[in-house]
Structure formats: C-alpha cells, structure tokens
S.K.: 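Take this structure first; my questions come after.
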Amino acid sequence: MSLIPWLRSEAPPRLSSRSPAEMVLETLMMELAGQMREAERQKRERNNTVRKICTGVDYSWLASTPRLTYDLSPGERLQLEDVCAKIHPSYCGPAILRFRQLLAEREPEVQEVSRLFRTVLQEVLERMRQEEEAHRLTRQWSLRPRSSLPSFKTRARISPFASHIRTISEDVERVAPPPPRTWSMPEFRTPQAD
C-alpha cells in the first residue's frame, strides 16, 4: 500500500470554528498553566539540589515526577478567564512576552505566578484603554468640520497698533518731548524759533 494517494489528497484548509476571543482566552490560560508547571518544576529542582547538598546522596533517578501540588481555585480561574476574554487578539503576543519577562526577572513561587499574570493582564487592558482613547480623540479631531477654522481666522485678526488699553507709559510719552535722533539718522524736525 502506497502513501502517495494520502499525500496527494489535499483537504481544503479549514478555518477554526472558534472566535478570536476564545482563541486568545485559550492561549493565555495555556500560557499560565505552562508557566505554573515550569515554576513548580524549578521549585522541585531547587529542593532536590538543597537535599542533595545536605545529604550528599542523589535519589532523583529513583523518584517519579510528582503531580502538580498547586492549582488555581475555580473562582480565581473564572476571574482570570473573564479578564483574558477582554484582551484584544493583537495584544495577546505582547501580553505573553511581558508575562515571560516578569517571570524571568523575579523567578516567583508557584502561588505568585497567577498574581503576576493578573498584573500583566491589567497592564495590557490599561494600555488598550489608553490607545483606544487616543484613537477616539484622533478620529474625533479628524472628523471635525473644516469650515469653522477659516471663520475663526477672520474673526481673530491681530492688530498690534489698534490697542485701546491705556497704559501709564502712554501718558508719560505724551508729556515727554520726543527723544533726539541717533547720529546715524538725520534730523527731520524744523528748527523752532526761540
């Protein structure tokens, strides 16, 4: 029996029946579960290293891999799923990268992983709100009618010499004789008869 007919039969690519929000939710929760397993594995390794140093004997080859000892409570899982469902698909990748970065910086205990995850999700939601607000303001500004700007320019003409505000220096200048011209400028006044 040949495998060639199986390789030639090309099934049309199927699109996932899940919505993008469901895929984001599943991806983020899988990332959380994977990072929790990794934190637990690191904790086991640290404990084994300490035990090996204290006793001088390595029995790690004899022990089987234990099951997870820490799991999220159903209420906490539902809360995290609710927050994950609010994340836009374009922010899923940056959220995972930020989560991994925080885990690499802090090397938290298993119980702290879910809190760090919640912190990252809150940061992403805040960034989404800020960018949405900036986009809304940009759109609002760009949709403004352009006809109001020219009328504003015509009404608000600046005339620096048409000031009607009386000042003290204006009164002093009226009483004082005009200052003599500088040497570079000729004198155009008519001589007064004394």
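Note that this is a predicted model, so its numbers are computed, not measured.
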S.K.: Please report the closest heavy-atom contact between Leu25 and Ala85, naming both atoms and the distance.
M.R.: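 Closest heavy-atom pair between Leu25 and Ala85: CD1-N, 4.4 Å.
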S.K.: How about Pro74 and Leu78: do any of their side-chain heavy atoms sit closer than 4.5 Å?
M.R.: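 Pro74 does not reach Leu78 side chain to side chain.
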S.K.: If we only count heavy atoms from C-beta on, is the Glu133 to Leu137 side-chain gap below 4.5 Å?
M.R.: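 Yes, their side chains come closer than 4.5 Å.
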S.K.: How close do Ser114 and Leu32 get, counting heavy atoms only, and between which atoms?
M.R.: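 So the two residues come closest at CA-CD1, 4.1 Å.
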S.K.: Show the numbers, then the answer: is there a salt bridge (Lys or Arg N to Asp or Glu O under 4.0 Å) between Arg129 and Glu132?
M.R.: CA-CA 5 Å; Arg129 284 188 200 109; Glu132 183 179 309; over 6 Å; no
S.K.: Considering residues at least two apart in sequence or located in another chain, which fulfil the ring-ring contact (aromatic ring centres under 6.0 Å, His included) criterion with Phe99?
M.R.: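 Result, ring-ring contact (aromatic ring centres under 6.0 Å, His included) vs Phe99: Phe117.
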S.K.: Decide if atom CD of Glu107 counts as having more than 12 heavy atoms of other residues, nucleotides or ligands within a radius under 6.0 Å.
M.R.: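 No, the 6.0 Å shell around CD holds no more than 12 heavy atoms from other groups.
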S.K.: Specify the closest pair of heavy atoms between Pro20 and Pro89, including all atoms of both residues, with the distance to one decimal.
M.R.: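 The pair with the smallest heavy-atom distance is CB-CG, 3.7 Å.
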S.K.: How close do Val110 and Ala39 get, heavy atom to heavy atom, and via which atoms?
M.R.: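 Scanning both residues, the minimum pair turns out to be CG2-C, 3.9 Å.
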S.K.: Any side-chain donor-acceptor pair under 3.5 Å between Asn48 and Arg51?
M.R.: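 Side chains of Asn48 and Arg51: pair found under 3.5 Å.
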S.K.: What distance separates Met36 CE from Leu103 CG, expressed to the nearest 0.5 Å?
M.R.: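 Those atoms lie 11.0 Å apart.
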S.K.: Evaluate the criterion side chain to side chain contact (heavy atoms under 4.5 Å, CB included) for residue pair Val24 and Cys84; output intermediate values, then yes/no.
M.R.: CA-CA 7 Å; Val24 167; Cys84 287; 5.6 Å; no
S.K.: Looking at Arg41 and Glu38, is any side-chain nitrogen of the basic one under 4.0 Å from a carboxylate oxygen of the acidic one?
M.R.: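 Salt bridge: yes.
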S.K.: Look up atom CD in Glu81 and atom CG in Leu72, then write down how far apart they are to the nearest 0.5 Å.
M.R.: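 One finds 9.5 Å between CD of Glu81 and CG of Leu72.
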S.K.: Is the shortest heavy-atom distance from the side chain of Lys86 to the side chain of Leu125 under 4.5 Å?
M.R.: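 When only atoms from C-beta onward are counted, Leu125 and Lys86 do touch, with a gap below 4.5 Å.
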S.K.: For residues Ile87 and Leu28, report the shortest heavy-atom separation together with the two atoms involved.
M.R.: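 Where Ile87 meets Leu28 most closely, the heavy atoms are CG1-CD1, 4.1 Å.
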S.K.: Within a strict 4.5 Å, meaning less than it, do heavy atoms of the Lys43 and Arg46 side chains meet?
M.R.: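 Yes, close enough: below the 4.5 Å cut-off.
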S.K.: Dump the intermediate steps for side-chain hydrogen bond (donor to acceptor under 3.5 Å, both in side chains) on Arg127 and Gln130, then the final yes or no.
M.R.: CA-CA 5 Å; Arg127 188 176 330 131; Gln130 289 173 351; over 6 Å; no
S.K.: Side chain to side chain contact (heavy atoms under 4.5 Å, CB included) for Arg118 and Arg115? Distances and angles first, verdict last.
M.R.: CA-CA 5 Å; Arg118 183 186 308 272; Arg115 280 182 260 148; 5.7 Å; no
S.K.: Looking at every non-hydrogen atom in both residues, tell me the closest pair between Pro108 and Leu116 and how far apart they are.
M.R.: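 Minimum heavy-atom separation between Pro108 and Leu116: CG-CD1, 3.6 Å.
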S.K.: Just verifying a value: how many Å separate Gln42 CD and Thr49 OG1, rounded to the nearest 0.5 Å?
M.R.: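 Answer for the CD-OG1 pair, Gln42 versus Thr49, is 11.5 Å.
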S.K.: Is it the case that the side chains of Gln35 and Glu31 hold a donor-acceptor pair, with the cut-off being a distance below 3.5 Å and no angle test?
M.R.: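 On atom types as modelled, these side chains qualify, holding a pair under 3.5 Å.
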S.K.: Quick one: pull up CG in Leu121 and CD in Gln79 and give me the separation to the nearest 0.5 Å.
M.R.: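 If I round to the nearest 0.5 Å, the distance is 12.0 Å.
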